[in-house]
There are 2 protein chains.
Amino acid sequence: MTASSRSSAAVEDYLERILELMTTKGYARVVDIAASLQISQASVTNMLQRLDAEGFINYEKYRGLMLTESGEAVARAIAQRHELLTDFLTLLGVPSEVREHDIEGIEHHMSPSTLLAIESLTMELKKHPMLLKKIQGAQKKRRSRGPLRSEE
Amino acid sequence: MTASSRSSAAVEDYLERILELMTTKGYARVVDIAASLQISQASVTNMLQRLDAEGFINYEKYRGLMLTESGEAVARAIAQRHELLTDFLTLLGVPSEVREHDIEGIEHHMSPSTLLAIESLTMELKKHPMLLKKIQGAQKKRRSRGPLRSEE
DNA sequence: AAAAATAATTAGCCTAACCTAATTTTTTGT
DNA sequence: ACAAAAAATTAGGTTAGGCTAATTATTTTT
Ligand SMILES: [Mn+2]
Ligand SMILES: [Mn+2]
Ligand SMILES: [Mn+2]
Ligand SMILES: [Mn+2]
């Protein structure tokens, strides 16, 4: 922890994706990150310079990047948070595309307290499959009956 | 629904707060909105012009504003979404300050599917107080034992 | 060893949301 | 009715995080 402290949503998304690319492909070039985040290469270059300046990666022009110790730790925490949320919403039966889209947004706004609560809840729900069935059933019903609004 | 369609987080927060002020105080002046959102009056004026242009409010310079039919409908939906999340996280025992802070962020990133799932879950959880006790208990334990990290 | 293709960088713009300072309008107190 | 205070607006920034087009560096193909 050298300086700043609070990371933006964008920084978190970059770090998360870099770690994922490193893990799955073994490297994370500008062009890979750009494709994966659906962002221009120019924007990626720009952010990499910033991540380097903030000590999350070691970055050498044209030569590539490595996560620093600190950067990797942060990235792993971000990935874990994302996984917990995936776990939770999957359990509830949220369809995977919308689920992942929502998680990409909400993950940046969850404090440790809230995450802990959801973790406890997730663990408990896994022990009660009947309850989960009921919850999923309730959704189907309400989805088919009224699409939105009303009841006031 | 005149034109654009997707509202930003900022727009949603303004509409939500305007409705709340209207409800609790009977009016929402620039100065009230500014104080409530902790934002400068200049920024509020700016946003009000935009909300008027987008058809969410009727706004007359120096004279005040009213939510349009459409603006009020949107604001009510936003408020309801916020309430659902408050209900849910309260049930889980997330402390109120952190809870409200988190909700202010995440509420803008939840699709109808996810909200429906959480609504079903919340209803079900309310029927099982023992389960809630267990969840809250689990959090206390993990909070006191390891503050963060480790276990790998 | 070139030439061509691919990857990366730089330069210059853009927009959303904020801000402060200055100005104008409205409301309030005497 | 007028001065003072409060509220609102305008003018002119700033910052984050995107973009495209042009340029430069690296890698691959012939
Ligand atoms: Mn994300
Ligand atoms: Mn994520
Ligand atoms: Mn909010
Ligand atoms: Mn809210």
Side-chain angles (χ1 to χ4, degrees), chain A residues 3-18 21-22 25-67 71 74 78 101 104-105 107-109, chain B residues 3-18 21-22 25-67 74 78 101 104-109:
Chain A
S4 51
S5 82
R6 189 77 307 188
S7 301
S8 70
V11 165
E12 294 188 348
D13 284 338
Y14 274 92
L15 289 175
E16 180 180 27
R17 204 57 62 97
I18 288 167
L21 288 166
M22 288 292 198
K25 313 182 58 165
Y27 56 84
R29 295 172 306 170
V30 170
V31 71
D32 304 310
I33 299 166
S36 181
L37 290 175
Q38 307 206 82
I39 257 174
S40 75
Q41 292 180 202
S43 298
V44 173
T45 295
N46 221 336
M47 179 60 91
L48 293 186
Q49 286 164 353
R50 178 174 154 196
L51 294 177
D52 179 277
E54 294 182 7
F56 294 117
I57 65 176
N58 289 322
Y59 177 53
E60 285 189 83
K61 255 192 189 188
Y62 294 106
R63 307 276 64 196
L65 67 96
M66 289 294 295
L67 284 162
V74 172
I78 291 165
H101 177 269
E104 271 313 314
E107 62 183 350
H108 312 290
H109 304 276
Chain B
S4 51
S5 83
R6 190 76 306 188
S7 302
S8 70
V11 165
E12 294 188 346
D13 284 339
Y14 276 91
L15 289 176
E16 180 179 27
R17 204 56 62 95
I18 288 167
L21 288 166
M22 287 293 197
K25 313 184 59 168
Y27 55 85
R29 295 173 305 170
V30 170
V31 71
D32 304 310
I33 300 166
S36 181
L37 290 175
Q38 306 205 84
I39 257 174
S40 75
Q41 293 181 201
S43 298
V44 173
T45 295
N46 222 318
M47 178 60 90
L48 293 187
Q49 287 165 353
R50 178 174 155 196
L51 293 178
D52 180 276
E54 295 183 5
F56 294 117
I57 65 176
N58 289 322
Y59 176 55
E60 285 190 83
K61 257 193 187 188
Y62 293 107
R63 307 276 64 198
L65 66 96
M66 289 293 294
L67 284 162
V74 172
I78 292 165
H101 177 269
E104 271 312 313
I106 70 181
E107 62 182 350
H108 311 290
H109 304 276

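Here is how names work: the chains are called A, B, and so on, in the same order as the sequence lines, proteins then strands, and each is numbered from 1.
One interatomic measurement links the two molecules: CD of Glu54(A) to P of dA16(D), which rounds to 9 Å at whole-angstrom precision. Leu37(A) places its CG atom 10 Å from the P atom of dC19(D), with the value rounded to the nearest Å. Atom-to-atom, CD1 of Ile57(B) to C1' of dA8(D) comes out at 14 Å; the value is rounded to the nearest Å. Straight-line distance from the CE atom of Met47(A) to the P atom of dT9(C): 14 Å, rounded to whole Å. Between the NE2 atom of His108(B) and the P atom of dA17(C) there is a distance of 11 Å, given to the nearest Å. Note: CD (Gln49(B)) to P (dT9(D)) measures 7 Å, nearest angstrom. Between Leu51(A) atom CG and dT9(C) atom P the separation is 13 Å, expressed in whole Å. What separates CG of Asp32(B) from P of dA7(D) is a distance of 8 Å, to the nearest Å.
Counting heavy atoms from C-beta outward, Ile39(B) and Asp13(B) have side chains that stay 4.5 Å or more apart. A 4.5 Å side-chain heavy-atom check between Leu67(B) and Leu15(B) finds at least one atom pair inside the cut-off. When side chains are defined from C-beta on, Leu48(A) counts as touching Ile57(A), because their heavy atoms get closer than 4.5 Å.
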| ring pair (Phe, Tyr, Trp, His ring centres under 6.0 Å) between His109(B) and His109(A), worked out | CA-CA 10 Å; His109(B) 304 276; His109(A) 304 276; 5.3 Å; yes
| So Phe56(B) and Val11(B), side-chain contact (heavy atoms from CB on, under 4.5 Å) or not? Walk me through it. | CA-CA 10 Å; Phe56(B) 294 117; Val11(B) 165; 4.2 Å; yes
| message | Let's go through Leu51(A) and Tyr59(A) carefully: what are the C-alpha distance in whole Å and the side-chain angles of both, what is the deciding distance for side-chain contact (heavy atoms from CB on, under 4.5 Å) to 0.1 Å, and is it a yes or a no? | response | CA-CA 8 Å; Leu51(A) 294 177; Tyr59(A) 177 53; over 6 Å; no
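Put simply, CG on Leu37(B) and OH on Tyr14(B) are 6.0 Å apart, with the number rounded to the nearest 0.5 Å. Rounding to the nearest 0.5 angstrom, the gap separating the NE2 atom in His101(B) from the CD1 atom in Ile106(B) is 11.5 Å.
Between Gln38(B) and dC18(C), a side-chain N or O to OP1/OP2 separation shorter than 4.0 Å is absent. In this structure, Ser43(B) reaches the dC19(C) phosphate: one of its side-chain N or O atoms is under 4.0 Å from OP1 or OP2. In terms of phosphate contacts, Lys61(B) brings no side-chain nitrogen or oxygen within less than 4.0 Å of OP1 or OP2 of dT26(C).
Residue pairs meeting the side-chain hydrogen bond (donor to acceptor under 3.5 Å, both in side chains) criterion with at least one member in residues 33-45 of chain B, sequence neighbours excluded, are Arg17(B)-Ser36(B), Ser40(B)-Ser43(B).
Comparing Arg63(A) and Ala42(A) by the nucleotide of DNA chain D that holds the closest heavy atom to each, the one mapping nearer the 5' end is Ala42(A).
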Using the 3.5 Å cut-off, write out each protein N or O paired with an N or O of nucleotides 2-7 of chain C and the distance between them.
none

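Residues of residues 8-15 of chain B having a heavy atom closer than 4.0 Å to DNA chain D: none are found.
Distances from the side chain of Arg50(B) to the nucleotides dT20(D), dA17(C), dT9(C) place dA17(C) closest.
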